[in-house]
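Down below is the structure, laid out as structure tokens.
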Number of protein chains: 2
Amino acid sequence: MDIPELQLLSSHRLFDGSQKRYRHRSTSLNCEMNFSIFLPPGVRQEAEIFHGSGGPEGSRTPRPGNSRKAPVIYWLSGLTCTDENFTIKAGAQRVAAELGIVLVMPDTSPRGEGVARASDGAYDLGLGAGFYVNATQEPWSQHYRMYDYIVDELPALVEQCFPVNDKRAICGHSMGGHGALVIALRNPARYRSVSAFSPIVNPITTPWGKKAFSHYLGDDIKNWWGYDATLLVEAARPSEHLPLLIDQGDADEFLAEQLKLERFVSACEAAKYPVQVNLREGYDHSYFFISTFIGNHLRFHAEALDSQ
Amino acid sequence: MDIPELQLLSSHRLFDGSQKRYRHRSTSLNCEMNFSIFLPPGVRQEAEIFHGSGGPEGSRTPRPGNSRKAPVIYWLSGLTCTDENFTIKAGAQRVAAELGIVLVMPDTSPRGEGVARASDGAYDLGLGAGFYVNATQEPWSQHYRMYDYIVDELPALVEQCFPVNDKRAICGHSMGGHGALVIALRNPARYRSVSAFSPIVNPITTPWGKKAFSHYLGDDIKNWWGYDATLLVEAARPSEHLPLLIDQGDADEFLAEQLKLERFVSACEAAKYPVQVNLREGYDHSYFFISTFIGNHLRFHAEALDSQ
């Protein structure tokens, strides 16, 4: 693997750990990408970075001192988000600091000059709406390979540059809940646990998913199946079941038309895939909902990650 | 007092309470104003609203059921903020829910058509920069009366429409820390406690303060004195001392030039005004800093408010 180059964009102390934002060149996405990372107290508070300009974090030599490595939870955000929404709004770092867990927040699509965008400026296609798939259709296939980016490239980079071990969990919201479920169900050996808030669980039958998949993957619906959590959970082998938690607000304005959680729950029952579903009375689709229950999700993952 | 008219702009459930945003006509500011409010579980989750259109919250009759009233903490934000920054970023509602405290987040200046703004679009004058003073100079004096709004008008409205008692505390960040200190020191009978993050404590000698005060209050520096926490704390009567807490990051990029906390601490010592100051190593001026220690501040106020 090439030595990655990371550019530090910002750094803030919080809960005795560090919230940092980096830019790097992504080979899977063929563009520059930002991601955010929270480093809890007790691990090294900076990346091993290898860009030429040096600077306060530039170094080719491992640093002395703390060599503890922490497990990682990847958070996948929903439509319109960047790496910053969860970072700023969810209040997750407090519990991650307590549990000694690293949080990694990627962006939700490729970005930048030359990256295709929705011709009508729609929020549910193109920028901010990568849907965690590998696009096969022009013009999207040039850059929209978020599946590969999340499954392979970003974890490889994180594990090379930051004080983390290979214990991974994955979690997300809405489109990101779809991404977390699909990625964990297709790669159960790579994750210890998976959870989602308000996930799009059956995108091949619901409007957001049908729109995105037809553009990214073409009209042959057989090519969509591999990105549908409800189909994937039915196909999961019992030996590959992961701890799986879902929280869903019953006042979620997208539940009936876009999310269709009941289909996933039925599929889990049919397949005997154990899933813990919390239907939360009065809660909607917003980050206020996430902020209320994110602590529960992190503790759920911590147990699977053997972290405190 | 006239019957206030409140327009509900948004409502979200979080931590089993409610985060709501309202618009109302402010007489002190002579414009429409937004504010946000968090209602903890255990009190009525809606305003008594008196606007003509009715709607789900419209009612002239007191509602049956829960009649418990909670104490209130007013949060004053810093430069460039609206009522939403703290609401979204600080993570305060979790602890407020636990303590049974209402949080009220006002905007930081008058807004809207006809409200004067900085001619050069500066961030530190005009919109988002009211500095919690009553402006006496044209064109500002038409609307910029944030002192009266925070001290009198908003609490009167909150206490008429929401399930709160008359126990008040006040807290803020940067320009809002200045506002909280000045308002509490000038009105000790109205508050049980006061706290601040990274406050501008001596604005009559520092750049942000001098710029704002010269525009809002004119060139006669005697008219600035009543808005300077360092001068006010020296003049406070011992019988009117309030519990006072300050948190300040030592990596705050504004500490040396704009905040000058050491001057306030010296004045407190000279005046024998008890103050608890926490200098936090490595923390900056951001909401990540606030989010780390807001729980401590709410618990500090809860003790003074006799809330749990």
Side-chain angles (χ1 to χ4, degrees), chain A residues 9-21 36-41 45-46 56 81 84-98 103 105 197-198 247-253 255 278-296 298, chain B residues 9-21 36-41 45-46 56 81 84-98 103 105 197-198 247-253 255 278-296 298:
Chain A
L9 302 180
S10 65
S11 178
H12 301 277
R13 192 162 203 202
L14 75 172
F15 297 103
D16 288 339
S18 302
Q19 184 64 54
K20 303 205 171 199
R21 192 176 197 213
S36 288
I37 186 168
F38 173 70
L39 300 166
Q45 296 292 299
E46 44 191 33
C81 290
E84 291 199 293
N85 299 66
F86 180 83
T87 300
I88 290 170
K89 296 180 172 183
Q93 297 95 338
R94 181 182 62 86
V95 181
E98 175 195 319
L103 303 175
M105 284 67 72
F197 292 83
S198 328
D247 272 70
Q248 173 65 56
D250 76 355
D252 187 325
E253 57 272 38
L255 178 55
N278 299 315
L279 198 63
R280 303 295 190 178
E281 186 182 342
Y283 285 87
D284 61 25
H285 199 71
S286 71
Y287 264 91
F288 293 118
F289 168 52
I290 297 170
S291 73
T292 303
F293 299 106
I294 188 67
N296 295 357
L298 298 191
Chain B
L9 301 179
S10 65
S11 178
H12 302 277
R13 192 163 203 199
L14 76 172
F15 297 103
D16 288 338
S18 302
Q19 183 65 54
K20 303 206 172 198
R21 191 175 198 212
S36 289
I37 186 167
F38 173 70
L39 300 166
Q45 297 292 299
E46 44 191 32
C81 291
E84 292 198 291
N85 299 66
F86 180 83
T87 300
I88 291 169
K89 295 180 171 183
Q93 296 94 339
R94 182 182 61 86
V95 181
E98 176 194 319
L103 303 175
M105 284 65 74
F197 291 84
S198 329
D247 271 71
Q248 173 64 56
D250 75 357
D252 187 325
E253 58 273 36
L255 178 55
N278 299 315
L279 197 64
R280 303 295 190 178
E281 187 182 341
Y283 285 86
D284 61 25
H285 200 71
S286 70
Y287 264 91
F288 293 118
F289 167 53
I290 297 169
S291 73
T292 303
F293 299 106
I294 188 67
N296 295 356
L298 298 191

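These numbers come from the heavy atoms of this one structure, side chains and all, not from hydrogens, waters or symmetry mates. Order of the sequence lines fixes the chain letters, A, B, ..., with proteins taken first and strands second; residue numbering starts at 1 for each chain.
- To the nearest 0.5 Å, atom CG of residue Leu14(B) and atom CD1 of residue Ile290(A) are 12.0 Å apart.
- Contact of Glu281(A) with chain B is made through backbone and side chain together, with heavy-atom distances under 4.5 Å.
- Of all the heavy atoms in Phe15(B) and Tyr283(A), the pair that sits closest is N-OH, 3.4 Å.
- The side-chain heavy atoms of Thr87(B) and Phe288(A), taken from C-beta on, include a pair separated by under 4.5 Å.
- When heavy atoms are compared at a cutoff of 4.5 Å, Phe289(A) approaches chain B solely by way of its backbone atoms N, CA, C and O.
- Interatomic distance, Thr292(A) OG1 to His12(B) NE2, rounded to the nearest 0.5 Å: 11.5 Å.
- Heavy-atom pairs under 4.5 Å with chain A peak, among Gly295(B), Ser286(B), Ala251(B), at Ser286(B).
- The two residues Gly282(A) and Arg13(B) make their nearest non-hydrogen contact at O-CB, 3.3 Å.
- The CZ atom of Arg280(B) lies 8.5 Å from the CG atom of Asp16(A); values are rounded to the nearest 0.5 Å.
- Heavy atoms of Ser291(A) lying under 4.5 Å from chain B belong to its backbone as well as its side chain.
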